[in-house]
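I have placed the structure first, in the form of structure tokens, so that the comments after it can refer back to it.
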Amino acid sequence: MKRFRFQLDALLLKLEADERAAHESLAVLQRSRTMQQDRLREIAQQNRDDLQQQTSDLVGLVNPDQVRQRAARTFSRTREADRLVLEIAAGEPAFREAEQRLAEVRRERRQYERLRERRLGAYRCAAKRRE
């Protein structure tokens, strides 16, 4: 009895490779986005800590140089946070596009897998009938 052979196996393998590539590109974008968001959280925490420290330093004798340095650090971190927010917003279209590409490739691969399963089922039924 001859073995089952799906004529579109090469296409299925190509679609699996395309899906892996799309998944990897999405993962790279997600990793970058996560690092940016983590840095934003870190900046926010540092700014909260500085504000709390500043509030406690304003009791009693005030050191103007220390207040000025803390304000400069906070301002610098706020500018970095603004830059990160703009980078995240600029990367959003590419992220959405990568998600859509992965979904499309996955959907197409699943269609061919279902076709393969149906043809395998028909092959097995025909084999049973022949037996």
Tyr123 side, atom OH; Arg5 side, atom CZ - distance, nearest 0.5 Å
12.5 Å
Using only heavy-atom distances, determine whether the side chains of Arg119 and Gln7 contain a donor-acceptor pair under 3.5 Å.
yes
Leu11 reachable from Phe6 in the ILVMFWY side-chain graph, under 4.5 Å edges
yes
CG/Leu120 to CD/Glu113 distance, rounded to the nearest 0.5 angstrom?
12.5 Å
Connecting only ILVMFWY residues whose side-chain heavy atoms lie within less than 4.5 Å of each other, what is the rest of Leu29's hydrophobic cluster?
Leu26, Phe95, Leu102
Using a strict cut-off of less than 4.0 Å between a Lys/Arg side-chain nitrogen and an Asp/Glu carboxylate oxygen, indicate whether Glu117 and Arg114 qualify as a salt bridge.
no
Rounded to the nearest 0.5 Å, what separates atom NZ in Lys128 from atom CD in Glu131?
8.5 Å
Distance-only side-chain donor-acceptor flag, Glu80 / Ser76, under 3.5 Å:
no
Is there a path of hydrophobic side-chain contacts, each under 4.5 Å between heavy atoms, that joins Leu115 and Leu12?
yes
Stepwise side-chain contact (heavy atoms from CB on, under 4.5 Å) check, Glu16 with Arg20
CA-CA 6 Å; Glu16 287 172 356; Arg20 266 192 308 279; 4.2 Å; yes
Classify the side-chain pair Asp49/Gln45 by whether it contains a donor and acceptor separated by less than 3.5 Å.
yes
Within a radius of less than 6.0 Å around CZ of Arg83, do more than 12 heavy atoms belonging to other residues, nucleotides or ligands occur?
yes
How far apart are the C-alpha atoms of Asp18 and Glu108, what are their side-chain angles, what is the distance that settles it, and do they pass the side-chain contact (heavy atoms from CB on, under 4.5 Å) test?
CA-CA 11 Å; Asp18 287 350; Glu108 189 174 358; over 6 Å; no
Which hydrophobic side chains are connected to Leu40, either touching it within the sub-4.5 Å cutoff or through other members that do?
Ile43, Leu84, Val85, Ile88
Nearest 0.5 Å, please: how far is CZ in Arg73 from OG1 in Thr78?
12.0 Å
Using a 3.5 Å distance criterion without hydrogens, assess whether the side chain of Ser32 forms a donor-acceptor pair with backbone atoms of Val28.
no
Do Arg77 and Asp50 have side-chain heavy atoms sitting under 4.5 Å apart?
yes
Testing Glu97, Glu87, Arg33 one by one against Glu92 for a side-chain contact (heavy atoms from CB on, under 4.5 Å), which residue passes?
Arg33
Ionic contact status for Arg96 with Glu99, cut-off 4.0 Å:
yes
Would you say the side chain of Tyr112 lies within less than 4.5 Å of the side chain of Arg116, judging by non-hydrogen atoms?
no
If you round to the nearest 0.5 Å, how far is CZ of Arg39 from CD of Gln46?
5.5 Å
Taking CZ in Phe4 as the centre, count heavy atoms belonging to other residues, nucleotides or ligands within less than 6.0 Å. Is the count above 12?
yes
Less than 4.0 Å between a side-chain N and a carboxylate O, is that true for Arg41 and Asp38?
yes
